[in-house]
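Nothing here was measured: the structure is a model prediction, and the numbers come from that model.
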Amino acid sequence: MRLLTIAACFALTTVAFATMAQDAPAPEATPVAAPAAATAPVAAKGNAEAGRALAYTCMGCHGITGYKNAYPNFHVPRIGGQSPEYLGNALHEYRKGSRKHPTMQAQAQSFSDQQIADIAAFLSTLK
């Protein structure tokens with residue numbers, strides 16, 4: 001049963017990355033930010049409804065009561081109800097690489113600042 005759960009999470013993550021890659025603008029259309037803007041993340045106002053659609057991959061691991069990873073064996077923390085500031089900061093730290101976890105780093109790197117704010121707004125509403 002655990003193998004099926006892990007496979008489902010992997011499949012959802014793969015679909016999410018493929019969908020985001022199709023929706024991403026062409027590299028030449030991406031505006032270049034000033035170096036000062038790149039060092040300090042802008043605090044975006046989160047939209048919980050938009051975050052609901054983005055957070056489905058989060059719930060694959062973080063929404064399962066008592067879920068433990070197969071290897072290494074550790075408890076996956078429940079993130080619903082955390083403050084949006086905490087969740088946003090954690091995702092930014094994973095994206096920068098200052099917080100270490102390969103799966104979370106890959107997830108966070110696929111999100112924009114606005115998407116992180118939206119996810120944090122949605123997850124903070126869960127109990």
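- Separating the CG atom in N89 from the OG atom in S83 is a distance of 8.0 Å, to the nearest 0.5 Å.
- E93 pairs by the salt bridge (Lys or Arg N to Asp or Glu O under 4.0 Å) definition with R99, not counting sequence neighbours.
- The backbone N or O of S112 lies less than 3.5 Å from a partner atom in the side chain of Q115, making a donor-acceptor pair.
- R78 pairs by the side-chain contact (heavy atoms from CB on, under 4.5 Å) definition with nothing, not counting sequence neighbours.
- Expressed to the nearest 0.5 Å, how far CG of L91 lies from OH of Y86 amounts to 9.5 Å.
- Residues G88 and A120 approach most closely at N-CB, 3.8 Å, considering heavy atoms.
- L87 places none of its side-chain heavy atoms less than 4.5 Å from the side chain of I119.
- Counting heavy atoms from C-beta on, the side chains of D113 and H92 come closer than 4.5 Å.
- Side-chain atoms of Y94 and H101, non-hydrogen and from C-beta on, do get closer than 4.5 Å to each other.
- Not counting sequence neighbours, the partners of A50 by the side-chain contact (heavy atoms from CB on, under 4.5 Å) test are N47, D118.
- With sequence neighbours excluded, the residues satisfying side-chain contact (heavy atoms from CB on, under 4.5 Å) with A121 are A48.
- Here the closest heavy-atom approach between residue S124 and residue Q82 is recorded as CB-O, 3.0 Å.
- F122 and G51 make their closest contact through CB-C, 3.7 Å (heavy atoms, listed as atom of the first residue, atom of the second, distance).
- Under the salt bridge (charged side-chain N to carboxylate O under 4.0 Å, His left out) criterion, the residue pairs touching residues 47-57 are E49-R52, with sequence neighbours excluded.
- Residues passing the ring pair (Phe, Tyr, Trp, His ring centres under 6.0 Å) test with H62: none are found, sequence neighbours excluded.
- A heavy-atom distance below 4.5 Å is not found between the side chains of I64 and M59.
- Note: L54 CG to Q114 CD = 10.0 Å, rounded to the nearest 0.5 Å.
- Of all non-hydrogen atoms in V76 and C61, the two that sit nearest each other are CG1-O, 3.7 Å.
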Assess whether side chain to side chain contact (heavy atoms under 4.5 Å, CB included) is satisfied between Q105 and R95, documenting all intermediate values. CA-CA 5 Å; Q105 286 174 323; R95 189 169 71 182; over 6 Å; no
